[in-house]
Asks: 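Mind having a look at this structure? Questions to follow.
Reckoned from all heavy atoms, side chains included, excluding hydrogens, waters and symmetry mates.
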Amino acid sequence: MYFKRFYQQWSVMEHDPKNIMLTCIYLACKVEESHVSAEELGKGIQQDPQVVLKNEMIVLQGLEFELIVYTPYRSMEGFIYDLEQPFVQRMGTAGLQALQGLRTAAGFIVDKMMLTDAPLLYPPGQLALAALRIANQEEPKVDLDGYLQDLPEHKRLQHSCVELMAKLDAIQLLVKESKQPLEAEVRHIDRKLKYCRNPSLQDEAKGKRERKTKKGDRKRPPSDVAMANGVHEPLDLNVAHSAKRRQSEGDVMI
């Protein structure tokens, strides 16, 4: 969330995403009271710890020093607790097991959801409900539709049932359309960013490719190089006359 929020204020052209990512991890560890020193973090991922320390204040300013993040995990636990009593009363131990399975499946959905733009667009409660709904659709465990229909009135929500369902559908679509980028795509983007920040690197890379091509040409036969460059060797006149004479003799024999 720190990473996403930071780049709402800044451009990737101004700050290297790899360095900002490491700094966001470092800050998140601090906030979650799982402190890891910059030296330990740098050693574990083979990066210079000074990069993290150098960008720490930049990230804090980009976040406007608002470090509290409200995630859907707590909201999801609250909804599970709300479902627990009626389902256990009606279904006994089987109902409790069904809710535990739903909690586990929804937790994976929330993990995936956090990689999308949904946490920037919707409140944690709606994200949690969407995760429970998606998990229950994939493997039905409880009557969640009835619970969702009664929820606006029961919890005195600002949205009607129709409005709530529309928002859950939109969140579900974001999760469905999300995909992890391929390593080759990430490398291509990283290379483009480097060239944009320092155009001279692109000239150096182009010069290396040209030198490599010339070096390969020196190893090839001259005729191959000439043909590759669109230059054709002059034809020997004696060979041409001999070939023409043989062709004429063949025509006479026919």
Side-chain angles (χ1 to χ4, degrees), residues 1-74 76 107-124 127-128 130-131 170-171 173-213:
M1 286 302 297
Y2 288 167
F3 186 80
K4 288 177 179 292
R5 284 172 51 197
F6 179 84
Y7 281 109
Q8 287 187 309
Q9 304 288 340
W10 296 93
S11 167
V12 293
M13 298 295 294
E14 296 170 296
H15 298 285
D16 190 338
K18 289 194 293 187
N19 297 337
I20 297 301
M21 176 188 66
L22 297 177
T23 309
C24 288
I25 293 172
Y26 177 66
L27 282 175
C29 289
K30 278 186 175 182
V31 173
E32 293 296 330
E33 298 182 358
S34 302
H35 179 59
V36 177
S37 68
E39 288 74 17
E40 288 177 306
L41 182 63
K43 184 179 179 181
I45 56 179
Q46 299 178 352
Q47 294 288 338
D48 184 5
Q50 292 303 317
V51 171
V52 175
L53 298 174
K54 178 182 175 183
N55 287 288
E56 183 176 9
M57 187 55 64
I58 294 173
V59 172
L60 286 170
Q61 290 173 342
L63 298 175
E64 298 179 348
F65 296 91
E66 294 190 10
L67 302 180
I68 297 176
V69 175
Y70 297 98
T71 62
Y73 297 98
R74 268 191 165 182
M76 186 183 69
F108 289 118
I109 300 295
V110 173
D111 291 341
K112 186 177 180 181
M113 192 179 288
M114 295 298 288
L115 298 176
T116 70
D117 290 336
L120 300 174
L121 301 171
Y122 301 95
L127 296 175
I171 296 171
L173 183 63
L174 278 174
V175 175
K176 184 179 179 181
E177 292 180 345
S178 68
K179 63 176 183 177
Q180 292 298 308
L182 301 175
E183 183 179 350
E185 294 174 340
V186 176
R187 290 183 181 276
H188 176 66
I189 294 170
D190 184 48
R191 189 162 55 251
K192 285 183 68 174
L193 281 173
K194 287 179 180 177
Y195 291 159
C196 290
R197 292 195 198 96
N198 190 355
S200 62
L201 292 176
Q202 191 168 9
D203 296 334
E204 291 177 8
K206 185 178 179 181
K208 287 181 180 179
R209 287 196 298 269
E210 289 177 351
R211 288 194 296 271
K212 188 176 181 180
T213 302

Asks: When you compare the side chain of His15 with that of Asn19, does any pair of heavy atoms fall below 4.5 Å?
Replies: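 Counting from C-beta outward, Asn19 and His15 never come under 4.5 Å.
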Asks: Below 4.5 Å, heavy atoms only, C-beta onward: do Leu193 and Val12 meet side chain to side chain?
Replies: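 In contact.
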Asks: With rounding to the nearest 0.5 Å, note down the distance linking CG in Asp16 to CG in Leu22.
Replies: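 Between atom CG of Asp16 and atom CG of Leu22 there are 9.0 Å.
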Asks: Heavy-atom count around Phe3 CZ within 6.0 Å, excluding the residue itself: above 12?
Replies: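 Counting other residues, nucleotides and ligands, CZ of Phe3 exceeds 12 neighbours.
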Asks: Checking Val69 against Arg5 for the side-chain contact (heavy atoms from CB on, under 4.5 Å) test, could you report, in this order, the C-alpha distance in whole Å, the side-chain angles of both residues, the deciding distance, and whether it holds?
Replies: CA-CA 11 Å; Val69 175; Arg5 284 172 51 197; 4.1 Å; yes
Asks: Over 60° means perpendicular and under 30° means parallel, so classify the ring planes of Phe6 and Trp10, tilted if in between.
Replies: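 Rings of Trp10 and Phe6: parallel, under 30°.
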Asks: Stepwise, does the side chain to side chain donor-acceptor pair (under 3.5 Å) test hold for Glu14 with Ser11?
Replies: CA-CA 5 Å; Glu14 296 170 296; Ser11 167; 4.7 Å; no
Asks: Ignoring hydrogens, what is the shortest heavy-atom contact between Leu127 and Tyr122? Give both atom names and the distance.
Replies: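 The answer is CD1-O, 3.8 Å.
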Asks: Quick check: does any side chain N or O of Asp190 sit under 3.5 Å from a backbone N or O of Val186, one acting as donor and the other as acceptor?
Replies: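 Judged by distance alone, no pair lies under 3.5 Å.
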Asks: If every non-hydrogen atom of Ala38 is compared with every non-hydrogen atom of Pro49, which pair is closest and at what distance?
Replies: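 Closest heavy-atom pair between Ala38 and Pro49: O-CB, 3.3 Å.
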Asks: Applying side-chain hydrogen bond (donor to acceptor under 3.5 Å, both in side chains), can you list everything that pairs with Arg187, at least two apart in sequence or on another chain?
Replies: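 Partners of Arg187 by the side-chain hydrogen bond (donor to acceptor under 3.5 Å, both in side chains) criterion, ordered by chain and then number, come out as Glu183.
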Asks: Any chance you could measure Asp117, atom CG, to Glu177, atom CD, to the nearest 0.5 Å?
Replies: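 The CG atom of Asp117 sits 11.5 Å away from the CD atom of Glu177.
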Asks: Flag the pair Lys30 and Glu56 as a salt bridge only when some basic side-chain nitrogen lies within less than 4.0 angstrom of an acidic carboxylate oxygen.
Replies: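 A salt bridge is present here (some side-chain N lies under 4.0 Å from a carboxylate O).
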Asks: Report the distance from atom CD1 of Ile25 to atom CD1 of Ile20, rounding to the nearest 0.5 Å.
Replies: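 Ile25 atom CD1 to Ile20 atom CD1 measures 12.0 Å (nearest 0.5 Å).
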Asks: Verify, without hydrogens or angle tests, whether Tyr2 (side chain) and Leu67 (backbone) share a donor-acceptor contact under 3.5 angstrom.
Replies: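 Flag set: sc Tyr2 to bb Leu67 pair under 3.5 Å.
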Asks: Look at the side chain of Glu40 and the backbone N and O of Ser37, then say whether any donor-acceptor pair between them is shorter than 3.5 Å.
Replies: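 Indeed, once roles are kept as given, a pair shorter than 3.5 Å links the two residues.
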Asks: Okay, side chain of Glu185, backbone of Leu182: is any donor-acceptor separation there less than 3.5 Å?
Replies: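 A pair under 3.5 Å: yes.
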Asks: Could you walk me through whether Gln9 and Leu63 pass side-chain contact (heavy atoms from CB on, under 4.5 Å), step by step?
Replies: CA-CA 8 Å; Gln9 304 288 340; Leu63 298 175; over 6 Å; no
Asks: In Å and rounded to the nearest 0.5 Å, what is the CG to CG distance from Leu53 to Leu41?
Replies: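 The CG atom of Leu53 sits 9.5 Å away from the CG atom of Leu41.
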Asks: Evaluate the side-chain proximity of Tyr26 to Met21: yes if any heavy-atom separation is below 4.5 Å, no if none is.
Replies: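 Not in contact.
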Asks: Can you tell me if Thr116 uses its side chain to pair, donor with acceptor, with the backbone of Lys112 under 3.5 Å?
Replies: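 No, Thr116 side chain to Lys112 backbone: no donor-acceptor pair under 3.5 Å.
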Asks: Atom NZ of residue position Lys176 - does it have more than 12 heavy atoms of other residues, nucleotides or ligands inside 6.0 Å?
Replies: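 It does not: Lys176 NZ has 12 such atoms or fewer within range.
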Asks: Measure the shortest side-chain to side-chain distance between Arg74 and Pro124 over non-hydrogen atoms and say whether it is less than 4.5 angstrom.
Replies: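 Counting from C-beta outward, Arg74 and Pro124 never come under 4.5 Å.
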Asks: Please evaluate residues Leu121 and Leu174 with respect to the criterion side-chain contact (heavy atoms from CB on, under 4.5 Å), reporting the C-alpha separation (whole Å), side-chain torsions for both, the decisive distance (0.1 Å), and the verdict.
Replies: CA-CA 11 Å; Leu121 301 171; Leu174 278 174; 4.1 Å; yes
Asks: I need the Ser178 OG to Met113 CE distance, nearest 0.5 Å.
Replies: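 Rounded to the nearest 0.5 Å, the OG-CE separation comes to 9.5 Å.
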Asks: Which atom names give the shortest non-hydrogen contact between Ala128 and Met76, and what distance separates them?
Replies: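 Smallest interatomic distance, heavy atoms only, reads CB-N, 3.5 Å.
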Asks: Identify the heavy atoms of Lys4 and Leu120 that sit nearest to each other, and give their distance.
Replies: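 Minimum heavy-atom separation between Lys4 and Leu120: CB-CD1, 4.0 Å.
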Asks: The test is side-chain contact (heavy atoms from CB on, under 4.5 Å); show your working for Tyr73 and Met114 and say whether it passes.
Replies: CA-CA 10 Å; Tyr73 297 98; Met114 295 298 288; 4.0 Å; yes
Asks: Test of understanding: with side-chain hydrogen bond (donor to acceptor under 3.5 Å, both in side chains), list the residues that count as partners of Gln50, not counting sequence neighbours.
Replies: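 So Gln50 forms no side-chain hydrogen bond (donor to acceptor under 3.5 Å, both in side chains) with any residue.
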